[in-house]
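Since the structure comes first, as structure tokens, the remarks are kept for the end.
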Amino acid sequence: DAEITQSPRHKITETGRQVTLACHQTWNHNNMFWYRQDLGHGLRLIHYSYGVQDTNKGEVSDGYSVSRSNTEDLPLTLESAASSQTSVYFCASSAQSAGELFFGEGSRLTVL
Amino acid sequence: QQPVQSPQAVILREGEDAVINCSSSKALYSVHWYRQKHGEAPVFLMILLKGGEQKGHDKISASFNEKKQQSSLYLTASQLSYSGTYFCGTDPTGNQFYFGTGTSLTVIP
């Protein structure tokens, strides 16, 4: 079955370190998204991509970057992790404009 | 960009009905509704498209007022399995999704 997977599921890191969260989908979806989820804030859009070599900033993109070198993967990089980036991160994909979002299981990141 | 949801939390007894509201300050192409159980990923419930088309869950209904940029989710005859946090996702362009802060719904026996 097609799916969307995130790794690692849990990570603890230190302030200032670079961290990369992986997202891989096997649906061949063009659209991919990264969200962070914090209590009281819901899901906030970090970055999104409409296809290979396309990336766009969302509402909370500072301190994060993404790259899209193929259809299947959209890794999220925290260049210099900060305690404010402690959160649960969700990757999602969709096949088409206004289409249903399929979410990964989430990655819980703790920055000490 | 985040839409505003209300109420923030609601507690129901089995069989009761609930309405969750979502409003946006921007014109919308579509509205999505998702439900998230604790510790799990959000799961799709419904899409409402500009122009009136709906796609989604057969036991949950929703409305979309394009002029007011508002949507409401109607949960009727609630079941224990309806418990979770409900998110509306608004899409101003046809391909960006901004989620509200969520509505916690608890159904008790």
Side-chain angles (χ1 to χ4, degrees), chain A residues 2-7 9-10 21 23-25 27 29-51 54-62 66 68 74 87-108, chain B residues 1-6 8-9 20 22-57 62 64 66 71 84-104:
Chain A
E3 59 182 4
I4 180 167
T5 54
Q6 294 183 229
S7 62
R9 296 290 312 281
H10 301 273
L21 304 178
C23 176
H24 179 80
Q25 52 97 2
W27 282 297
H29 286 170
N30 283 327
N31 306 327
M32 296 184 73
F33 307 83
W34 272 105
Y35 292 90
R36 61 176 288 175
Q37 185 171 35
D38 306 285
L39 199 62
H41 291 280
L43 292 153
R44 291 182 290 176
L45 182 63
I46 305 172
H47 281 286
Y48 57 99
S49 169
Y50 295 152
D54 176 76
T55 61
N56 306 278
K57 294 181 178 181
E59 56 191 326
V60 289
S61 60
D62 287 349
V66 294
R68 188 90 180 268
L74 187 70
S87 187
V88 178
Y89 292 85
F90 285 99
C91 179
S93 70
S94 70
Q96 60 194 26
S97 172
E100 170 187 355
L101 289 181
F102 294 86
F103 284 86
E105 294 182 338
S107 295
R108 181 176 294 276
Chain B
Q1 298 272 26
Q2 270 193 310
V4 177
Q5 284 185 237
S6 64
Q8 288 187 325
I20 301 172
C22 174
S23 65
S24 173
S25 59
K26 292 187 174 290
L28 301 175
Y29 184 89
S30 68
V31 177
H32 292 218
W33 286 95
Y34 293 79
R35 177 170 60 210
Q36 185 179 31
K37 303 276 187 178
H38 182 69
E40 299 179 5
V43 174
F44 168 77
L45 293 175
M46 180 166 293
I47 293 175
L48 300 103
L49 298 170
K50 192 175 178 179
E53 184 180 358
Q54 295 186 23
K55 307 177 191 176
H57 206 284
F64 178 22
E66 297 168 32
S71 177
T85 301
Y86 289 76
F87 291 97
C88 72
T90 54
D91 175 12
T93 67
N95 235 343
Q96 297 175 26
F97 301 97
Y98 298 93
F99 287 90
T101 53
T103 296
S104 173

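A, B, ... follow the sequence lines: proteins, then strands. Residue 1 opens every chain.
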Part of B/Gln36 within contact of chain A (heavy atom distance under 4.5 Å): side chain

Exercise: identify the closest heavy-atom pair between B/Ala41 and A/Gly104: CB-O, 3.0 Å

Count the heavy atoms of every other residue, nucleotide or ligand shown that sit under 6.0 Å from NZ of B/Lys37, and state whether that count exceeds 12. yes

Where do B/Phe87 and A/Gly42 come nearest, in terms of heavy atoms and distance? CE2-CA, 3.8 Å

At what distance, to the nearest 0.5 angstrom, does CZ of B/Phe99 lie from CD of A/Glu59? 10.5 Å

Which atom of A/Phe90 lies closest to which atom of B/Pro42, heavy atoms considered: CE2-CD, 4.0 Å

Nearest heavy-atom contact between A/Leu43 and B/Gln2 is O-NE2, 3.8 Å

Examine whether an atom of A/Leu101 lies under 4.5 Å from a heavy atom of chain B, and if so say whether it belongs to the side chain, the backbone or both; otherwise answer neither. both

So, does A/Tyr35 use its side chain to make a donor-acceptor pair with the main chain of B/Phe97 at under 3.5 Å? yes

Measuring from atom CZ of A/Phe103 to atom CZ of B/Phe44, what distance do you get when rounded to the nearest 0.5 angstrom? 11.5 Å

